[in-house]
S.K.: 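This is the structure I have questions about; it appears just below.
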Amino acid sequence: MLESHTFFSKMVDELVEFSEYDPELADGIRWLDDQAQKKGISFYDMVFEVLYKHDVNSKAKEWLNTRN
């Protein structure tokens with residue numbers, strides 16, 4: 001569990017560092033940080049929440065497409 005948490009944190013940290021060279025990514029990171037502050041959660045928790053919701057929605061759409 002600790003390994004996956006460390007991996008996730010490092011991945012997010014690398015995205016933040018890379019955002020120095022990508023203005024669109026930097027805007028997205030600022031937006032995520034604002035949202036995290038509004039919700040009173042950590043930036044990492046906000047990133048996880050967004051990625052989790054995206055994964056769930058993608059799987060739901062995939063399931064729906066296979067049902068038709």
Side-chain angles (χ1 to χ4, degrees):
M1 177 77 172
L2 187 58
E3 281 183 26
S4 60
H5 178 72
T6 302
F7 175 79
F8 179 77
S9 297
K10 285 183 179 183
M11 179 188 71
V12 172
D13 290 344
E14 287 176 5
L15 281 173
V16 171
E17 288 177 19
F18 183 75
S19 71
E20 179 181 343
Y21 309 104
D22 186 334
E24 188 175 355
L25 178 59
D27 287 343
I29 287 174
R30 279 190 291 276
W31 180 84
L32 282 170
D33 191 39
D34 288 343
Q35 296 302 306
Q37 289 178 27
K38 287 178 185 176
K39 290 185 170 194
I41 61 176
S42 77
F43 174 74
Y44 295 97
D45 287 340
M46 188 69 211
V47 172
F48 182 83
E49 184 178 305
V50 168
L51 292 174
Y52 181 78
K53 283 183 181 179
H54 174 72
D55 188 46
V56 168
N57 289 338
S58 295
K59 288 180 180 176
K61 286 178 186 176
E62 182 181 324
W63 177 82
L64 186 59
N65 288 337
T66 61
R67 301 285 295 165
N68 292 332

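Every heavy atom of this structure was used, including side-chain atoms; hydrogens, water molecules and symmetry mates were not.
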S.K.: Give every residue pair that meets the side-chain hydrogen bond (donor to acceptor under 3.5 Å, both in side chains) criterion with at least one member in residues 26-37, sequence neighbours excluded.
M.R.: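 Found Asp27-Arg30, Asp33-Gln37.
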
S.K.: Verify the neighbour count for atom CZ of Phe43: are there more than 12 heavy atoms of other residues, nucleotides or ligands below 6.0 Å?
M.R.: yes

S.K.: How close do Ala26 and Ser19 get, heavy atom to heavy atom, and via which atoms?
M.R.: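 Residues Ala26 and Ser19, closest heavy atoms: CB-O, 3.6 Å.
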
S.K.: Using the rule that two of Ile, Leu, Val, Met, Phe, Trp, Tyr join whenever any of their side-chain heavy atoms come within less than 4.5 Å, decide whether Trp63 and Tyr52 are in one cluster.
M.R.: no

S.K.: Can you tell me how far apart NZ (Lys61) and CG (Asn65) are? Round to the nearest 0.5 Å.
M.R.: 9.0 Å

S.K.: Working to the nearest 0.5 Å, report the span between NE2 of His54 and CG of Asn57.
M.R.: 8.5 Å

S.K.: Report whether Phe8 and Val56 are members of the same hydrophobic cluster (ILVMFWY, side-chain heavy atoms less than 4.5 Å apart, transitive linking).
M.R.: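 Cluster IDs for Phe8 and Val56 match.
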
S.K.: What I want to find out is whether Lys53 reaches Glu49 closely enough, with some N-O distance under 4.0 Å, to be called a salt bridge.
M.R.: yes

S.K.: Can you give me the closest heavy-atom contact between Ser42 and Ala36, atom names plus distance?
M.R.: O-CB, 3.7 Å

S.K.: Kindly give the heavy-atom pair with the smallest separation between Met46 and Leu32, and that separation in Å.
M.R.: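 Scanning both residues completely, I find the closest heavy atoms to be CG-O, 3.5 Å.
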
S.K.: Within this structure, what is the CD-CD1 distance for the pair Glu17 and Ile29, rounded to the nearest 0.5 Å?
M.R.: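 Going from the CD atom of Glu17 to the CD1 atom of Ile29 covers 10.0 Å.
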
